[in-house]
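See structure below.
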Amino acid sequence: MVRRDIEALVQEAARRAMDAGALPHVSLPESTVERPQRPEHGDYASNIALRLARAAGTTPLALAEAIAARIPESDIVARVEVAPPGFINFRLSPAWLARQVEEVLRQGDAFARVDVGRGQRVQVEYVSANPTGPLTVAAGRGLAIGDTLANLLEATGHQVEREYYINDAGTQTETFAATLFARYRQLHGQAVEVPPGAYTGEYVIDLAREAKERFGDRFLAYAEGPCPPELHDFGMQRMLERIREDLALMGAHYDSWFSERSLYPEPYQTVMRLLEERGYVARKEGAVWFTSSALGEDKDNVLVRSNGRPTYFASDIAYHYHKFLVRGYDRVVDIWGADHQGHVPRMKAAVAALGIDPERLVIIIHQLVTLKRGGEEVRVSKRAGEIVTLREVVEEVGADACRFFFLSRAPNSHMDFDLELAARQSAENPVYYVQYAHARMAGILAHARERVPDYADGDVSLLREDVELALVRQLLRLPELVETAARKLEPHLLPYYAIDLATAFHDFYERCRVVSEDVPLSKARLKLVAATKGVLARTLGLMGMSAPDRM
RNA sequence: GCCCCAGUAGCUCAGUAGGAAGAGCGGCGGCCUCCUAAGCCGCAGGCCGAGGGUUCGAGUCCCUCCUGGGGCGCCA
């Protein structure tokens, strides 16, 4: 990775400066090299002199000169310059850059991999919406973030498991079942109301109709009681199937599906006993509480209701116990919507109470998606029935565009999604800009198959144009970007890189004819195109998007 | 009232462990005899919400305030 190579040169130069007495012996900052925004400042820049000038008792500029003069020779770097107020700027060697095309081709898929994870076991849990309705647009955002994060962690040498947590226990599922049962009875001509807090969406009526066809009137015998278990399970199963279909539409594939019910009686009972033994449990007002206020939280939280039934929070503690202590993940990443934000501190406190380092649990909160239609806000509530489903949006704008759009904003950013705009602007969506670049490359390679069938012996040292080398520079960014995005758990860096890469390619395309009368040059450029196509395809792959050969 | 998140170009948003203000869209003006014009080139557009502080240096860190979103259930 180039940044590391440059960093090593800087560190070596700094050590030499110390040995020469130009710099006192101080501990060197680990990371000083970055990519400047402006090309005049070179390909990489180190701020080491600015950071050490005070300790060295000299001016940043003088220290920069002292260090720059001691940068070891390297075939990577063509020029080292000192610039005010004390930056050391590096310009990469054109010949070395051109050679990297061979390197990218040789490495293939391995080029996008950076083994910093060392096989660490990481679980990524995302979406995990209740099986009480179809997936909403907000779930799509969680999906895009979680799925891409999982890809990034895999690319950085982690052993990744993607999990969907099925909330198939608890009050919400019962309310859902009760609604279904009421609808079922209504379809049989009974005058019953849906229960308070019911899921009033049309889809529950559809589901009741399905149940009626399948089961006839056999549940009417249960008239006055709660929803019959068989109908309840039927409803859950059908909703889950629906969710699986929606996920598949977005191209998400899970390694495991974890049922909340399966936490009972074990490991739930063990967890409750552990918390009790450790003194984090209190009984008051007929309920069992987790005494999180003793751990610095605002308040205590109920684990077991006065009616004897565990809360969602209790399930979640048992669930995380299972993740860490039964399955033994080194790290767990949960992707939650902002409506669960208040749940984060107590979840961390609970994990800590179980003796697990809370740093091992990373909870990424993504802000909610505000849906708009023609500038007007659309309220979305699963229970109230006004729903814009993820499926509707995917069918309207396509899975690739959805993913790209969801990924283009940092999880912490609020997001407006205007359905009309998304559909209308689809031709100008950056996703097409990026995919079009890939299709163009495929087109060129197809065109070349007849004229220059074999370019394996192409000499990449012929690549000397600015736009050619600018493209190579973009290719070399990918490993750095993958590492950064995985370390910071920020998948939104990928779409921006994809746009930069596509821009560099389009620019190259406009200025450089690839397949021409000049056969040696054609061969060299075909290698560049092939390398770029691979890098772009890998970038799109990390985002879970397709890389079309034709558009 | 308390807690979390955000406020950067007309709009939607980036800004890679403080370091040298960006992209896309929209606007205006150019470019197809040629491997895909879903493309390229140029122009315009900013007191980075406000005010203090730390620092050689702040969009980035700290404090106060303003605006918007989310939370503060024996719902999930």
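In what follows, chains carry the letters A, B, and so on, assigned in the order in which the sequence lines appear, proteins first and then strands, with residues in each chain numbered from 1.
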> For every nucleotide of nucleotides 58-63 of chain B, 5' to 3': is a protein heavy atom under 4.0 Å from its base (B), only from its sugar-phosphate (S), or from neither (-)?
Replying inline: ------
> Do A:Thr132 and A:Gln172 have side-chain N/O donor and acceptor atoms under 3.5 Å apart?
Replying inline: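 On atom types as modelled, these side chains do not qualify, holding no pair under 3.5 Å.
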Distance between the [atom1] atoms of [N] and [M], in whole angstroms?
{"N": "B:rG59", "M": "B:rG18", "atom1": "P", "value": "14 Å"}
{"N": "B:rC47", "M": "B:rG52", "atom1": "C1'", "value": "16 Å"}
{"N": "B:rG57", "M": "B:rU64", "atom1": "P", "value": "23 Å"}
{"N": "B:rA6", "M": "B:rA21", "atom1": "P", "value": "23 Å"}
{"N": "B:rA38", "M": "B:rC5", "atom1": "C1'", "value": "36 Å"}
{"N": "B:rG39", "M": "B:rC4", "atom1": "P", "value": "43 Å"}
{"N": "B:rC25", "M": "B:rC62", "atom1": "P", "value": "35 Å"}
{"N": "B:rC28", "M": "B:rC48", "atom1": "C1'", "value": "26 Å"}

Whether [X] contacts [N] is assessed here as follows: a side-chain N or O lying under 4.0 Å from the phosphate OP1 or OP2. Is that the case?
{"X": "A:Arg283", "N": "B:rC74", "value": "no"}
{"X": "A:Arg35", "N": "B:rG15", "value": "no"}
{"X": "A:Arg54", "N": "B:rU55", "value": "no"}
{"X": "A:Asn412", "N": "B:rC5", "value": "no"}
{"X": "A:His492", "N": "B:rG15", "value": "yes"}
{"X": "A:Tyr312", "N": "B:rG73", "value": "no"}

Less than 3.5 Å between a donor and an acceptor, one on the side chain of [X] and one on the base of [N], is that the case here?
{"X": "A:Gln367", "N": "B:rG70", "value": "no"}
{"X": "A:Asp500", "N": "B:rA14", "value": "no"}
{"X": "A:His414", "N": "B:rA6", "value": "no"}
{"X": "A:Thr171", "N": "B:rC75", "value": "no"}

Nearest-neighbour nucleotide for the [X] side chain, [options] considered:
{"X": "A:Leu493", "options": "B:rG15, B:rG24, B:rC5", "value": "B:rG15"}
{"X": "A:Glu34", "options": "B:rG19, B:rA14, B:rC35", "value": "B:rG19"}
{"X": "A:Asp507", "options": "B:rG39, B:rC41, B:rA76", "value": "B:rC41"}
{"X": "A:Ser413", "options": "B:rC13, B:rC74, B:rA76", "value": "B:rC13"}
{"X": "A:Met551", "options": "B:rA23, B:rC3, B:rA38", "value": "B:rA38"}
{"X": "A:Arg487", "options": "B:rA17, B:rG39, B:rC35", "value": "B:rA17"}
{"X": "A:Phe87", "options": "B:rA20, B:rG73, B:rG71", "value": "B:rA20"}
{"X": "A:Ser306", "options": "B:rA76, B:rA38, B:rC74", "value": "B:rC74"}

> Does A:Asp300 reach the main-chain N or O of A:Trp289 with its side chain, forming a donor-acceptor pair under 3.5 Å?
Replying inline: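 Absent.
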Paired with [N]: which nucleotide, if any, by Watson-Crick or G-U wobble criteria at under 3.5 Å for both distances?
{"N": "B:rC61", "answer": "B:rG53"}
{"N": "B:rC47", "answer": "none"}
{"N": "B:rG7", "answer": "B:rC66"}
{"N": "B:rG1", "answer": "B:rC72"}
{"N": "B:rG39", "answer": "B:rC31"}
{"N": "B:rA20", "answer": "none"}

At under 4.0 Å between heavy atoms, what does [X] touch on the DNA or RNA strands: base, sugar-phosphate, or nothing?
{"X": "A:Arg309", "answer": "nothing"}
{"X": "A:Phe313", "answer": "nothing"}
{"X": "A:Asp300", "answer": "nothing"}
{"X": "A:Pro36", "answer": "nothing"}

> If you round to the nearest 0.5 Å, how far is OH of A:Tyr280 from CG of A:Leu295?
Replying inline: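 One finds 5.0 Å between CG of A:Leu295 and OH of A:Tyr280.
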> For residues 482-499 of chain A, which residue pairs qualify under side-chain hydrogen bond (donor to acceptor under 3.5 Å, both in side chains), counting only residues two or more places apart or in two chains?
Replying inline: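 Listed by first then second residue: A:Arg4-A:Glu483.
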>> Below 30° counts as parallel, above 60° as perpendicular, anything between as tilted: where do the rings of A:His343 and A:His340 land?
In response: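 Aromatic pair A:His343/A:His340 classed perpendicular.
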> A:Tyr433 on top of B:rG24's base, within under 5.5 Å and under 30°?
Replying inline: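 So no, this residue does not stack on that base, at least one cut-off failing.
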> Nearest-Å distance, CD1 (A:Ile88) to C1' (B:rA20)?
Replying inline: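 It works out to 15 Å between those atoms.
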> Taking the six-membered ring for Trp, are the ring centroids of A:His438 and A:Phe505 within less than 6.0 Å of each other?
Replying inline: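 For A:His438 and A:Phe505, the ring centres are not under 6.0 Å apart.
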> Are A:Phe258 and A:His322 near enough that their ring centres are under 6.0 Å apart?
Replying inline: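 That pair passes the under 6.0 Å test.
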>> Which heavy atom of A:Pro491 sits nearest to which heavy atom of A:Leu407, and what is that distance?
In response: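 That would be CB-CD2, 4.0 Å.
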> What's the shortest heavy-atom distance between A:Asn412 and A:Gln367, and which atoms?
Replying inline: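 Between these two residues, the closest heavy atoms are O-CG, 3.1 Å.
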> Do we get A:Arg346 above A:Phe290's six-membered ring, with its NZ or CZ under 6.0 Å from the centre and within 45° of the axis?
Replying inline: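 No - A:Arg346 does not lie over the ring of A:Phe290 by the 6.0 Å and 45° rule.
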